[in-house]
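Inspection log for the structure reproduced underneath, given as structure tokens.
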Amino acid sequence: MASSLPLRRIAIVTGAASGIGRAIAVRLANDGFHIALNDLQSSHDGLSKVASQINSEAAAGGGEKAKAIIVPGDVSSDSDMRNLVSETVKELGAVDAMVANAGIVHVSPIIDMTPDQWDRMLSVHARGVFLCYKHAATQMIKQGRGGRLVGASSAWGKQGAPNVAHYCAAKFAVRGLTQSVAKELGKYGITANAYAPGITRTKLLDDLGSGYGTVLERAIETEVAMGREGQPEDIANVVSFLLDKRSDYITEESSFVGRAWG
């Protein structure tokens, strides 16, 4: 029961079964958060592995670190995201941070793109982040102790790229949504920020397909300041900072990770 848990902040991480979401969840657990892990029901095995890792590390530390629970659901579903927040409160006691990380990727020239492909991309990224923010913020206001909202944008949320117009549009939307929400919710002590990874080694990168390989190699050489792909842990470090006490006065920002801009 929530009353038996030590006094720790509670974070929700969506898209937590793999990649950046998994790295964020593990990092936040190491920071002392209890974690509600969310992903699609089809990713339950991945969620279980992340939860086992977090809970076993907590046990090894005498139970003083973190507890992880699993709450599957689709971020584009209003009822699923409402349930995600309510189950987190039921099991862990509160919601102090929402990391709206879940995402998909798909490659298509605009002339071949179907309305369904467009709608699905915007549904997961823009609608999904909106629903995460909405339901988490409602709970945070009720709690009366502030909170942190963090959404996943992208380097392609500042500069478009060919054959991923729907993805770019969705990630631009996350930036605008986050800035607006920050202005609305600051009076409640709630901050809203986005992280915007560049080229990061995850399954989503592989899903772009071999046709994007040359493009990405060229981008690493010419546009990535550090001259290498990012790793999920690089992004997790940024999210960790945005949820840290040191970032209490940072809001309405989009942190571009690893990309050099002219």
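A quick note: this is a predicted structure, and the numbers were derived from the prediction, not measured.
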Donor-acceptor contact present, side-chain Q179 to main-chain G176, <3.5 Å: no
Mind telling me whether H106 and H166 have parallel, tilted or perpendicular rings, with 30° and 60° as the class edges? perpendicular
Donor-acceptor under 3.5 Å (N163 side chain, V107 main chain): no
Nearest heavy-atom pair of A236 and A23: which atoms, and what distance? CB-O, 3.5 Å
Give the C-alpha distance, both sets of side-chain angles, the deciding distance and a yes or no for side-chain contact (heavy atoms from CB on, under 4.5 Å) between Q53 and R22. CA-CA 10 Å; Q53 178 181 352; R22 177 178 185 142; 3.3 Å; yes
Applying the side chain to side chain contact (heavy atoms under 4.5 Å, CB included) criterion to N101, which one of T14, V150, V129 satisfies it? T14
T114 (side chain) donor-acceptor with Q117 (main chain) under 3.5 angstrom: yes
Using modelled atom types and a 3.5 Å cut-off, is there a donor and acceptor pairing between side-chain atoms of N38 and backbone atoms of V71? yes
Atom pair CG/CG of L242 and L149 - distance to nearest 0.5 Å: 11.5 Å
Hydrophobic clustering (ILVMFWY, side-chain heavy atoms < 4.5 Å, transitive) - are F130 and V124 grouped together? yes
Is the backbone N or O of K171 less than 3.5 Å from a side-chain atom of S153, with the two atoms forming a donor-acceptor pair by type? yes
I need the minimum non-hydrogen distance between I54 and A25, along with the two atoms involved. CD1-O, 3.9 Å
Under a 4.5 Å side-chain heavy-atom rule over Ile, Leu, Val, Met, Phe, Trp and Tyr, are I141 and V181 clustered together? yes
Walk me through it: do F241 and R246 pass the test side-chain contact (heavy atoms from CB on, under 4.5 Å)? CA-CA 7 Å; F241 173 73; R246 293 170 296 171; 4.0 Å; yes
I want to check something: taking the side chain as every heavy atom from C-beta on, are L131 and V75 in contact at a cut-off of under 4.5 Å? no
Roughly how far, to the nearest 0.5 Å, is OG1 of T88 from CD of Q139? 9.0 Å
Does the pair W156 and V164 meet the rule for a side-chain contact (heavy atoms from CB on, under 4.5 Å), with working shown? CA-CA 9 Å; W156 285 346; V164 285; 3.8 Å; yes
Nearest atoms (heavy-atom pairs only) where A11 meets F33: CB-CD2, 3.6 Å
Could you measure the distance from the CE atom of M81 to the OG atom of S77? Nearest 0.5 Å is fine. 6.5 Å
Shortest non-hydrogen contact from A182 to T251? CB-OG1, 3.4 Å
Y195 vs I235 side-chain heavy atoms within contact, under 4.5 Å: yes
Would you find a donor on one side and an acceptor on the other, under 3.5 Å apart, between the side chain of R9 and the backbone of L243? yes
Least distance between heavy atoms, G157 atom then R175 atom: O-NH1, 2.9 Å
Would R127 and L122 count as a side-chain contact (heavy atoms from CB on, under 4.5 Å) here? Give the steps. CA-CA 6 Å; R127 177 183 168 94; L122 272 290; over 6 Å; no
Can we say R145 and D96 salt-bridge, meaning some charged N sits less than 4.0 Å from an Asp/Glu carboxylate O? yes
Using distance alone, with no hydrogens and no angle criterion, decide if T191 and Y249 have a side-chain donor and acceptor under 3.5 Å apart. no
To the nearest 0.5 Å, atom CE of M98 lies from atom NE2 of H135 at 9.0 Å
Closest heavy-atom contact between A194 and T178? N-CG2, 3.9 Å
Looking at side-chain heavy atoms only, is the closest gap between R120 and D116 below 4.5 Å? no
Within this structure, what is the CD1-OG distance for the pair I70 and S43, rounded to the nearest 0.5 Å? 11.0 Å
Looking at R82 and D78, is there a salt bridge between them, counting it only when a charged N and a carboxylate O are closer than 4.0 Å? yes
Answer yes or no: is there a donor N or O on one side and an acceptor on the other, between the side chain of Y133 and the main chain of L177, under 3.5 Å? no
Short side-chain to backbone donor-acceptor contact, H125 and I104, under 3.5 Å: yes
Is there a donor in the side chain of D74 and an acceptor in the side chain of S76, or the other way round, less than 3.5 Å apart? yes
Do the side chain of S52 and the main chain of K49 share a donor and acceptor less than 3.5 angstrom apart? no
Quick check: does any side chain N or O of N193 sit under 3.5 Å from a backbone N or O of E252, one acting as donor and the other as acceptor? yes
When you check the side-chain N and O atoms of R27 and S240, is any donor under 3.5 Å from an acceptor? yes
Which distance, rounded to the nearest 0.5 Å, do you find between the CG of D31 and the CD1 of I24? 11.5 Å
Can you hop from V238 to L28 via hydrophobic side chains spaced under 4.5 Å? yes
So, do P72 and L40 sit near enough that their side-chain heavy atoms are less than 4.5 Å apart? no
